[in-house]
Amino acid sequence: MRNIVTYFLITVFGIFIFTGCEDDLLETETKSSYTTDVVFSNPAFTLNALYGIYSLMTLDEMYSQKIPFYASLNSDIEVVAFGTGDYADNGRRGIGNYLATPGNNEIARPWNALYRAIERANILIEEVPKSPVMEGDNEEAKRKMWTYYGEALTLRALFYFDLVRIWGDVPFKVEPTQPDGSNFFLGKTDRDEILESIIEDLQEAEQYVPWIDQSDAGTPERISKGFVKGLMARVALYRGGYSVRAESNTMERGSNWEHYYQIARDQCKEIMDEGVHSLNPSFKDVFIRQNQLEPDRQYYESLFEVGHGMTRSGEAGYYSGVRYETSSKYGRRNQGGELTLPHYLYSFEPEDARRYVSVAFYSYNEQPQMEIYTDPSQFRFAKWNIKWMTDAYIAANRNAGNKLLTGINWCLMRYSDVLLMFAEAENALNGPTAEAKEALKEVRRRAFPTEVHAEKVDAYVDGLSSPEDFFEAIVDERALEFGGESIRKFDLVRWNMLYEKITEARELNRKIVYGEAPYDYVPQYLYYQYREDDPEDLNFETLNLDEELGDINMPDFDRVEWMSGRSEEEKQEFIDWLNLMSSGLDQYPNRHLLPIAQPVIDDANGAFTNEYGY
């Protein structure tokens, strides 16, 4: 795939005004010959300026690694890999386990990168309305300029949303840096005010940005109306949800939450009614396409993806995904640093097609062949898999001496999220109405084969008679649908359920390895075969994952110890590991926010400090 954003990475920075003005903010005239008057004088140059914003999203400190994989973990189903000795390190493990300090060496880079991208967006947002194009007679040129303006508004909203979700109250700057230094050192703005402001920006942006099937780009790598509305819904739910407040260090719900849930409900309904976006009928195919670097131009299930480039950026499939050891066929090993837990595997019903696409309870060894993990702390996510990647990537990986970035786009929103946000908001406002139930059913219909729809879809959803029962079903369904996609932590935060669900996950996994109800059906031994048509892969259809067979002779099957079949020492090691997972919350159950890095505080000239006990 010729990726739009990375295609412009080389060319943009050679001509882009931001190269000059960001380095010397106090200069009244940039060293570059491409001043704002030139850059925003026509749609072609303005588009290059817009690509300069998109390109920053592909950086390691942005949506290639730091934001989706470090700042968005841990949850009850997503865990940063660690051993007993490094769970509180001064990097990603300390962040994931809620033990970060202002001296953590990973947290300054995404903060700085987000504000750098905001500065670029601010310049475009200020300059486009003043462009001479807007005073001319070329209506097509005006349309393009307003589209770019709407995209920049949306990107700035996204960046501030992530700042708020990760750090809470932050400096809020919506104009370019002034040469006189008047807006160099800004204090923090209350997060509710920021969220309300970016909702207003998104309401403006949707007037200018077309639906994806009507856009010039026609790709989810560019902002389109569906994502503008979907992001507005996501922000509104967060504004109406819970967050830890600096004044009290307690979780408090945003005021007037019904108003914001109504915004979320209405925006999702408009996306659904428009009919541009839909579910790919195959859950597995969604991720095969991602691995193959193929944008979905048939269903448009992806509302927006950060466009990465193979070998340049993108750690889906390297940091998150099935673990591979080095082999002659697939090349250099990957990290597989994002883990999940056994209870997540067992939260899927056996018929659920998402189960084996979501959880990798195996790795690929050197042969290469799937090898079942006997250590329950080693499960990974299966949505990104080197075996599903392009021949070009695999060939390059065979010759790689170091980490090879996959180029897999990071999807920030899928249509199933729209359906489930609608169902949640509709239920919160009006109870489990027919509309709310139909949206939930649509997600579950894809997950289950047609022959069990009557039981697993219709009877299940229709049986949710109270708002409380329906909400719990949404909590469960969002876990099943979005595992590994860096959504879960922020869902649990806005529901005020983060520590509750992490504590529950520890106990559920303890019960699994000790064979206690409700997991007394989980086998002590897994009996397995490999597929006849592909001897590298396990035959999941013959695996006794949900059936206790005991210690028996199974001709033509091999076996491994599984869960309660492990030794007492191994079980205790797993329990000790579980207790270290997210252990910072044991002391501060509400502290889901990161501290601001000390160098950032030092450079703020006293404008703000850390809070929440940091």
Side-chain angles (χ1 to χ4, degrees), residues 4-5 43 46-47 50-51 53-54 57 63 121 124-125 128-129 139-162 195-239 260-280 286 295-307 409-423 425-426 439 442 487:
I4 289 178
V5 174
T46 303
L47 179 59
L50 179 65
Y51 277 129
I53 307 171
Y54 279 108
M57 299 179 73
Y63 300 93
L124 191 149
I125 291 165
V128 163
E139 296 301 320
E140 177 63 12
K142 289 181 185 178
R143 181 193 65 79
K144 289 181 178 180
M145 294 290 279
W146 282 121
T147 297
Y148 306 153
Y149 174 85
E151 289 182 66
L153 278 174
T154 305
L155 290 170
R156 186 177 69 180
L158 172 64
F159 302 148
Y160 270 121
F161 184 45
D162 277 329
L195 296 176
E196 291 161 16
S197 180
I198 64 179
I199 287 173
E200 292 177 1
D201 283 347
L202 293 167
Q203 289 170 335
E204 180 182 3
E206 72 167 318
Q207 301 174 46
Y208 304 119
V209 178
W211 293 97
I212 191 170
D213 63 339
Q214 300 167 7
S215 69
D216 297 334
T219 171
E221 293 174 345
R222 290 273 299 279
I223 299 292
S224 64
K225 192 184 293 287
F227 181 67
V228 177
K229 289 179 170 294
L231 180 60
M232 198 188 313
R234 186 177 281 178
V235 173
L237 288 176
Y238 208 84
R239 170 61 180 80
Y260 294 99
Y261 270 55
Q262 188 69 50
I263 291 174
R265 185 252 182 225
D266 292 347
Q267 292 301 316
C268 290
K269 187 64 163 61
E270 288 179 22
I271 299 170
M272 294 157 60
D273 288 346
E274 185 67 22
V276 171
H277 298 278
S278 62
L279 296 180
N280 183 326
V286 171
D296 176 7
R297 293 189 173 93
Q298 181 177 0
Y299 304 104
Y300 294 122
E301 176 162 347
S302 292
L303 276 71
F304 179 58
E305 302 174 358
V306 178
N409 285 359
W410 187 248
C411 182
L412 289 180
M413 185 173 292
R414 294 192 286 112
Y415 182 63
S416 53
D417 200 350
V418 173
L419 291 169
L420 293 177
M421 285 193 294
F422 171 81
E426 171 70 7
E442 188 170 345
I487 293 174

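- Summarising the geometry of Gly307 relative to Asn409, their closest heavy-atom pair is CA-OD1, 3.3 Å, with the distance given to 0.1 Å.
- The OH atom of Tyr415 sits 10.5 Å away from atom CG of Leu420, with the distance rounded to the nearest 0.5 Å.
- When side chains are defined from C-beta on, Leu202 does not count as touching Gln267, because their heavy atoms never get closer than 4.5 Å.
- Applying the salt bridge (charged side-chain N to carboxylate O under 4.0 Å, His left out) test to Arg414 and every residue at least two apart in sequence or in another chain returns Glu301, Glu481, Glu485.
- A donor-acceptor pair shorter than 3.5 Å cannot be found between the side chains of Glu221 and Tyr54.
- Checked against side-chain contact (heavy atoms from CB on, under 4.5 Å), Glu196 has the following partners two or more places apart in sequence or in another chain: Asp192, Arg239, Tyr260.
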Phe422 and Ile271: CA distance, side-chain angles, deciding distance, side chain to side chain contact (heavy atoms under 4.5 Å, CB included) verdict: CA-CA 10 Å; Phe422 171 81; Ile271 299 170; over 6 Å; no
Show the numbers, then the answer: is there a side chain to side chain contact (heavy atoms under 4.5 Å, CB included) between Leu231 and Ile223? CA-CA 11 Å; Leu231 180 60; Ile223 299 292; over 6 Å; no
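- The heavy-atom pair separating Ile198 from Ala157 by the smallest distance is CD1-O, 3.6 Å.
- Between Leu419 and Ala439 the shortest heavy-atom distance is O-CB, 3.5 Å.
- When side chains are defined from C-beta on, Glu206 counts as touching Met232, because their heavy atoms get closer than 4.5 Å.
- With sequence neighbours left out, Arg234 forms a salt bridge (charged side-chain N to carboxylate O under 4.0 Å, His left out) with Asp417.
- Separation of atoms CE (Met413) and CD1 (Ile487) is listed at 7.5 Å; rounding is to 0.5 Å.
- By the 4.5 Å heavy-atom criterion applied to side chains, Asp213 and Arg297 are not counted as neighbours.
- When side chains are defined from C-beta on, Ile263 does not count as touching Val235, because their heavy atoms never get closer than 4.5 Å.
- Checking Asp162 against Tyr63 by side-chain atom types alone, a donor-acceptor pair falls below 3.5 Å.
- Applying the salt bridge (charged side-chain N to carboxylate O under 4.0 Å, His left out) test to pairs two or more places apart or on separate chains, those with a residue in residues 141-152 are Glu139-Lys142, Glu140-Arg143, Arg143-Asp216, Glu151-Arg222.
- When side chains are defined from C-beta on, Ile125 does not count as touching Asp201, because their heavy atoms never get closer than 4.5 Å.
- Here Ser302 pairs with Pro220, Glu305, Cys411 under the side-chain contact (heavy atoms from CB on, under 4.5 Å) rule; sequence neighbours left out.
- Between Gln262 atom CD and Glu426 atom CD the span is 8.0 Å, to the nearest 0.5 Å.
- Between Met145 and Tyr208, every side-chain heavy-atom pair lies at or beyond the 4.5 Å cut-off.
- Counting only heavy atoms from C-beta outward, the side chains of Tyr299 and Ser278 approach each other to under 4.5 Å.
- For Met421 against Cys268, the heavy-atom pair with the smallest separation is CB-SG, 3.7 Å.
- Checked against ring pair (Phe, Tyr, Trp, His ring centres under 6.0 Å), Tyr261 has the following partners two or more places apart in sequence or in another chain: Trp257.
- Summarising the geometry of Ala236 relative to Ile199, their closest heavy-atom pair is CA-CD1, 4.0 Å, with the distance given to 0.1 Å.
- Within the 4.5 Å cutoff, no side-chain heavy atoms of Lys225 are placed close to those of Pro210.
- The CD1 atom of Ile53 lies 12.5 Å from the OH atom of Tyr148; values are rounded to the nearest 0.5 Å.
- In this structure, the separation between CZ on Phe227 and CD1 on Ile212 is 11.5 Å, given to the nearest 0.5 Å.
- Taking OH of Tyr300 as the reference point, atom CG of Leu279 lies at 16.0 Å (rounded to 0.5 Å).
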